[in-house]
Amino acid sequence: MIKALLSVLALMGVMTPQPALSKSEEYRLGGGDLINISVFQNQDFNGDRRVSENGEITFPLIGAVSIGNLTLSEAENAIATRLSEGKFVVSPQVTIVPVEMRSAQISVIGLVSKPGRYILESRNTRLTDALSMAGGIVQSAPTVSLNGGDVVVLKGIRDGESFTKTIDIKEIFLGGKNELDVHVKGGDTIYVGRAPQYYVYGEVQRPGVYKIETGMTVRQALAQAGGLTARGSQSGIQIFRKDTEGKEVLVKPDLDQTLNDGDTLFFKQSVF
């Protein structure tokens with residue numbers, strides 16, 4: 001359901017309405033960004049400049065200028081001030097146009113419709129916005145062997161330290177936990193893994209692979225598989241499950257037993 005909602009919102013181009021950006025939320029330049037700088041009526045200064053990893057560019061006559069973490073307008077003012085103070089240009093009018101904003105790119109990988117690298121248009125981009133840009137979490141039917149899960153992993157750098165956060169998307173929408181819809185930053189990677197699933201075969205109407213919903217029981221799994229055939233027996237249920245060491249063990253559950261990711265259910269034929 002969550003995946004379908006994200007996919008629909010992505011197709012419609014809508015997500016949760018966001019407030020207008022404040023000045024502090026405007027895009028800020030960073031290492032690797034390529035910008036085009038022009039000075040009105042001074043073509044000798046015009047051209048592309050790559051921002052170094054320490055946030056500097058080299059500009060004619062004035063040398064190194066630190067523009068890292070500045071907005072475009074702040075960077076324009078910084079260059080204009082240096083040109084004016086050096087008496088190279090009287091009342092300079094500097095214009096910066098973004099060409100390639102590498103420092104604002106994120107990666108969205110795993111089971112999304114369009115995995116790849118995406119440019120953040122603002123510092124106000126949230127996790128759900130990023131998933132929407134990637135086309136939403138993959139959802140297929142009726143089996144779920146290629147379905148993305150509700151839990152995603154966000155990795156990046158915060159305050160100079162490696163940062164990893166595991167987030168349950170359904171809690172944002174169904175649990176009202178808006179604080180989980182965190183801001184993403186340039187250099188972040190979002191990973192959407194496979195949804196937990198179970199396998200079912202034997203005397204059921206629709207053997208196959210199905211998604212495990214939170215807290216799903218054997219009874220619910222049986223209903224999802226269409227119920228028993230005329231020859232099936234509820235008393236002959238077996239679960240083949242991997243233990244903590246990866247070895248397969250046999251479990252003989254009742255109908256209220258909850259399922260684990262990777263469980264294989266087998267429904268026996270009735271002896272009568």
Side-chain angles (χ1 to χ4, degrees), residues 9-10 13-108 114 116-134 154-161 163 165 178-179 181-190:
L9 290 171
V14 226
M15 288 300 291
T16 305
Q18 300 292 342
L21 296 181
S22 70
K23 223 172 171 80
S24 63
E25 292 169 335
E26 293 177 16
Y27 177 71
R28 293 179 180 271
L29 296 164
D33 288 348
L34 181 66
I35 56 178
N36 180 270
I37 306 175
S38 60
V39 181
F40 182 62
Q41 293 184 341
N42 288 270
Q43 294 187 0
D44 291 342
F45 293 105
N46 299 353
D48 292 347
R49 300 285 187 277
R50 178 80 67 181
V51 183
S52 68
E53 290 305 314
N54 63 2
E56 292 182 343
I57 60 167
T58 301
F59 201 77
L61 299 181
I62 60 177
V65 183
S66 180
I67 61 172
N69 205 37
L70 299 184
T71 65
L72 296 181
S73 60
E74 289 171 345
E76 290 169 347
N77 290 334
I79 296 170
T81 299
R82 292 283 297 276
L83 288 171
S84 179
E85 289 176 345
K87 300 187 183 334
F88 300 116
V89 180
V90 177
S91 301
Q93 298 179 38
V94 179
T95 301
I96 296 178
V97 177
V99 177
E100 185 180 287
M101 313 312 280
R102 287 187 179 178
S103 69
Q105 289 186 346
I106 60 169
S107 296
V108 187
K114 298 180 292 185
R117 294 179 65 83
Y118 293 88
I119 294 177
L120 300 179
E121 296 181 355
S122 81
R123 298 176 69 203
N124 200 38
T125 303
R126 295 182 179 272
L127 176 62
T128 51
D129 299 321
L131 291 173
S132 180
M133 286 191 291
L154 173 65
K155 294 179 68 68
I157 302 293
R158 299 292 186 274
D159 300 321
E161 301 290 336
F163 163 87
K165 188 175 182 66
N178 294 326
E179 68 275 10
D181 196 11
V182 296
H183 287 96
V184 294
K185 296 185 177 182
D188 283 355
T189 297
I190 299 167

Peer 1: Between Asp129 (side chain only) and Arg126 (backbone N and O only), is there a donor and an acceptor less than 3.5 Å apart?
Peer 2: yes
Peer 1: Quick check for you: to the nearest 0.5 Å, what is the distance between Ile96 atom CD1 and Leu72 atom CG?
Peer 2: 6.0 Å
Peer 1: Take atom CG in Asn54; do more than 12 heavy atoms of anything else shown fall under 6.0 Å from it?
Peer 2: yes
Peer 1: Restricting to non-hydrogen atoms, name the atom on Val184 and the atom on Ala130 that form the minimum distance, rounded to 0.1 Å.
Peer 2: CG2-CB, 4.5 Å
Peer 1: Hey, what do you get for OG (Ser84) to CG (Asn77), rounding to the nearest 0.5 Å?
Peer 2: 11.5 Å
Peer 1: Answer yes or no: does atom CD of Glu179 have more than 12 heavy-atom neighbours from other residues, nucleotides or ligands under 6.0 Å?
Peer 2: yes
Peer 1: Please name the pair of heavy atoms, one in Ile119 and one in Gln105, separated by the smallest distance, quoted to 0.1 Å.
Peer 2: CG1-CG, 3.8 Å
Peer 1: Is there a donor-acceptor pair closer than 3.5 Å between any side-chain N or O of Asp188 and the backbone N or O of Lys185?
Peer 2: yes
Peer 1: From Ile79 CD1 over to Phe45 CZ, what is the distance, rounded to the nearest 0.5 angstrom?
Peer 2: 11.0 Å
Peer 1: So, Arg28 and Asp33, do they make that salt bridge, N to O below 4.0 Å?
Peer 2: no
Peer 1: Tell me if a side-chain donor or acceptor on Asn46 pairs with a main-chain N or O of Val39 at a distance below 3.5 Å.
Peer 2: yes
Peer 1: Could you tell me which non-hydrogen atom of Arg49 sits nearest to which non-hydrogen atom of Thr58, and how far apart they are?
Peer 2: NE-O, 3.1 Å
Peer 1: Given 3.5 Å as the limit, does a donor-acceptor pair link the side chain of Asp181 with the main chain of Thr128, or not?
Peer 2: yes
Peer 1: Could you check whether any side-chain N or O of Arg50 sits under 3.5 Å from a backbone N or O of Gly32, counting only pairs where one atom can act as donor and the other as acceptor?
Peer 2: yes
Peer 1: If only atom types and distance count, is the side chain of Arg82 paired as donor or acceptor with the main-chain N or O of Ala64 below 3.5 Å?
Peer 2: yes
Peer 1: If I compare all heavy atoms of Ala80 with all of Pro92, which pair ends up nearest, and what's the gap?
Peer 2: O-CG, 3.3 Å
Peer 1: Could you state the interatomic distance from CD1 (Ile37) to CD1 (Ile57), rounded to the nearest 0.5 Å?
Peer 2: 3.5 Å
Peer 1: So Ile67 and Ile35, do their side chains get closer than 4.5 Å, heavy atoms only?
Peer 2: yes
Peer 1: Testing the basics here: between Leu29 and Ala75, what is the closest heavy-atom pair and its distance to 0.1 Å?
Peer 2: CD1-CB, 3.7 Å
Peer 1: Of all heavy-atom pairs between Tyr118 and Met133, which one has the smallest distance, and what is that distance?
Peer 2: CE2-O, 3.4 Å
Peer 1: Rounded to the nearest 0.5 Å, what's the gap from CD1 on Ile190 to CD1 on Ile106? Could you check?
Peer 2: 4.5 Å
